[in-house]
Amino acid sequence: MKSLALHLLFLAVTCSVGYAQKKNETEVPDKPKLVLGIVVDQMRYDFLTRYWDKYGDDGFKKLVHQCVLCRQLYYNYVPTYTGPGHASIYTGTSPAMHGIVGNHWYVKENRSTSYCTQDDKTESIGTTSPAGKQSPRNLFSSTITDQLQLTNLGDSKVIGIALKDRGAILPAGNMADAAYWYDDACRCWISSSFYMKELPEWVKRFNDKKYPDQYLSGEWNTLYPIQQYTESLQDDNPYETIVKGKTSPTFPYNLKEIAQAYQTSSILRSTPFGNSLTTLFAIDAVISEKMGKGKSTDMLCVSFSSTDYVGHSFGPYSVESEDCYLRLDRDLATMITVIEKYLGKENVLFFLTADHGVSDVPAHLKDIKIPAGYINEAVLMNKAKSFCAQHFGDSLVLNYINNQFYLDDTKINALKQDRCELQKKLALHLIGTESVAYAYTYCEMLQQSYVHFPAEYIQHGFHPLRSGDVMLCFKPNYMEFEQRGTTHGEPFSYDAHVPLIWYGWKVKSGNVIDQRYEITDIAVTLANMLQVMEPTGATGKVIKGIIKQEKSV
Ligand code: ZN
Ligand code: ZN
């Protein structure tokens, strides 16, 4: 941590020297050949600084050495989940406009829950499982990737890649050439008929190499001797999930035994090797698709999902999480080195951010006297239902998801109740139950304009066509979860504060930006850099001071 601060100071001092030498630099093209967007799933800001001394020279450190680092980038809405996160990064707006109000949300008309990229009109490509029946059709806004395609009349090549479907599909946008995600059933990369009729030959060849089988027949042990993981708690502690087939949450993890115990190969996702597989596939995509070699700027959107799975199981102070980031650092180094060699550094614009942060394990915080705790959603549900039954003659609650209650409007109308009044009464009643600190209603979200926390965050996450009737905000570090492991989704800084790094092409070397920016500013900044129109729903602003010469047109 200390050495990172010193390093950034050094960069600030030497920045002017860099400017003096500008004339000797390689000619930088007007537009990058390739934009590589990297999203690290669940990378809270402090994962950059806490493990800094352990990172190698060519991964995170290389990005920070020669980049513009935005140290104050925040999500500005709830819920801070993967679907909304990826959508907001690439649309330059919040769920209030792009409509991805959760990974799942409740649909009253169907009396069922809908998944953010679910599309039953499509077919799986590359697998017999239904895992490919997906598309970005739930997005209400275009993405920066769409705008690039639109400007270049479809001549740009745009591809999204992630183990998680939503991490690949939402960034790649509506006009994407392809999005690929991982199917546990076939242990292979798959896609949807939304993009293609069959997998390209290079994807088939990659799948035929059966890397997942190799990973799953081995074990996960620490990259360095375990006593060197001094940034984390001791390996055996009461805050980490004990996986099936083991008696303690400790290294080494025999992946063959664990996969057998769970009777699924999905365990690969919860190891750093899921990120390694993503890296190999992303590099293959660039080279096989000749990305960056055409006339127009291409864009590859890569999301590293394994950090999230590992983080949920073991928490931010685990040796497992630390090892996952140290290994990701190596994977990043490989990817950056290969792509720079292939296209030249001046031709590639990289940016790296995260789709949300993560809470510390509440049980850990409680043990060290920091306020935290657990919520029982069944208690909340009973309280809401019994209040409605007592006061309005019917329990009225259809569903509880994303900290929101969805009520039965048909019954409310039949009971001749005023919908807004009823919502308000229920909201007020719930404050104080199970650590509910604030409660707002659908009608308030439509009628008011909030500028204070957390109401503003709830409003940015509210869409009238998809959100519930009563929205709750709990006290910080309270969650419905097991006592071991952790999650995210709240408006607080631990879930909202993420890194943002710009690197390559015309990016200034070694600048630090400490002005507060929001996640919705990334796509708008990209639009400005690439001189394309902003995504259709964009509400963000341009982050100033990233590239060397601003366009004069
Ligand atoms: Zn995520
Ligand atoms: Zn997660």
Side-chain angles (χ1 to χ4, degrees), residues 37-48 73-91 94-95 98 100-105 115-117 134 136 138 160-172 179 181-182 184 239-241 266-272 274-275 278 301-318 320-321 324-325 328 352-362 401-403 461 477-482 484-500 519-520 522:
I38 301 168
V39 178
V40 182
D41 206 312
Q42 205 190 93
M43 185 173 181
R44 204 168 72 176
Y45 184 80
D46 68 327
F47 296 160
L48 186 65
L73 186 87
Y74 288 83
Y75 277 82
N76 61 356
Y77 63 82
V78 281
T80 36
Y81 289 157
T82 300
H86 285 81
S88 301
I89 292 166
Y90 285 88
T91 59
S94 56
H98 64 59
I100 306 298
V101 295
N103 290 333
H104 298 84
W105 55 85
Y115 179 61
C116 60
T117 51
Q134 320 265 351
N138 282 323
I161 289 171
L163 294 182
K164 291 185 183 178
D165 41 26
R166 56 192 183 277
I169 292 165
L170 297 168
W181 52 98
Y182 184 73
D184 297 319
Y239 314 123
E240 302 178 10
T241 304
S266 66
I267 186 74
L268 181 66
R269 293 169 183 269
S270 304
T271 73
N275 287 338
T278 307
C301 314
V302 182
S303 181
F304 290 104
S305 311
S306 289
T307 35
D308 182 70
Y309 294 110
V310 172
H312 279 294
S313 295
F314 304 104
Y317 284 92
S318 61
E320 285 83 350
S321 276
C324 193
Y325 277 90
L328 173 63
L352 182 147
T353 189
D355 59 343
H356 50 75
V358 69
S359 168
D360 292 325
V361 177
I401 187 170
N402 303 330
N403 295 0
N477 292 113
Y478 275 75
M479 64 176 69
E480 163 92 13
F481 211 77
E482 309 285 320
R484 290 171 178 266
T486 185
T487 193
H488 49 86
E490 305 304 316
F492 307 108
S493 59
Y494 53 81
D495 279 345
H497 186 191
V498 293
L500 174 61
I519 201 72
T520 51
I522 295 175

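Order of listing sets the numbers, starting from 1, for every ligand and every atom in it.
- In this structure, SG on Cys324 lies 5.5 Å from CG on Asn275, to the nearest 0.5 angstrom.
- Distances from the Zn ion (ligand 1) under 2.8 Å pick out these protein N/O/S atoms: Asp41 OD1, Thr82 OG1, Asp355 OD2, His356 NE2.
- Screening Val358, Asp495, Thr82 against Gln42 for a side-chain contact (heavy atoms from CB on, under 4.5 Å) leaves a single residue, Val358.
- Between Pro95 and Tyr77, the shortest heavy-atom contact is CD-CG, 3.5 Å.
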* To do: Carefully, step by step, assess Leu73 and Ile522 under the rule side-chain contact (heavy atoms from CB on, under 4.5 Å).
  => CA-CA 10 Å; Leu73 186 87; Ile522 295 175; 4.1 Å; yes
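- Not one N or O on the side chain of Asp41 forms a donor-acceptor pair closer than 3.5 Å with the backbone of Ala354.
- A donor and an acceptor atom, one from each side chain of Tyr75 and Ser88, are nowhere located under 3.5 Å apart.
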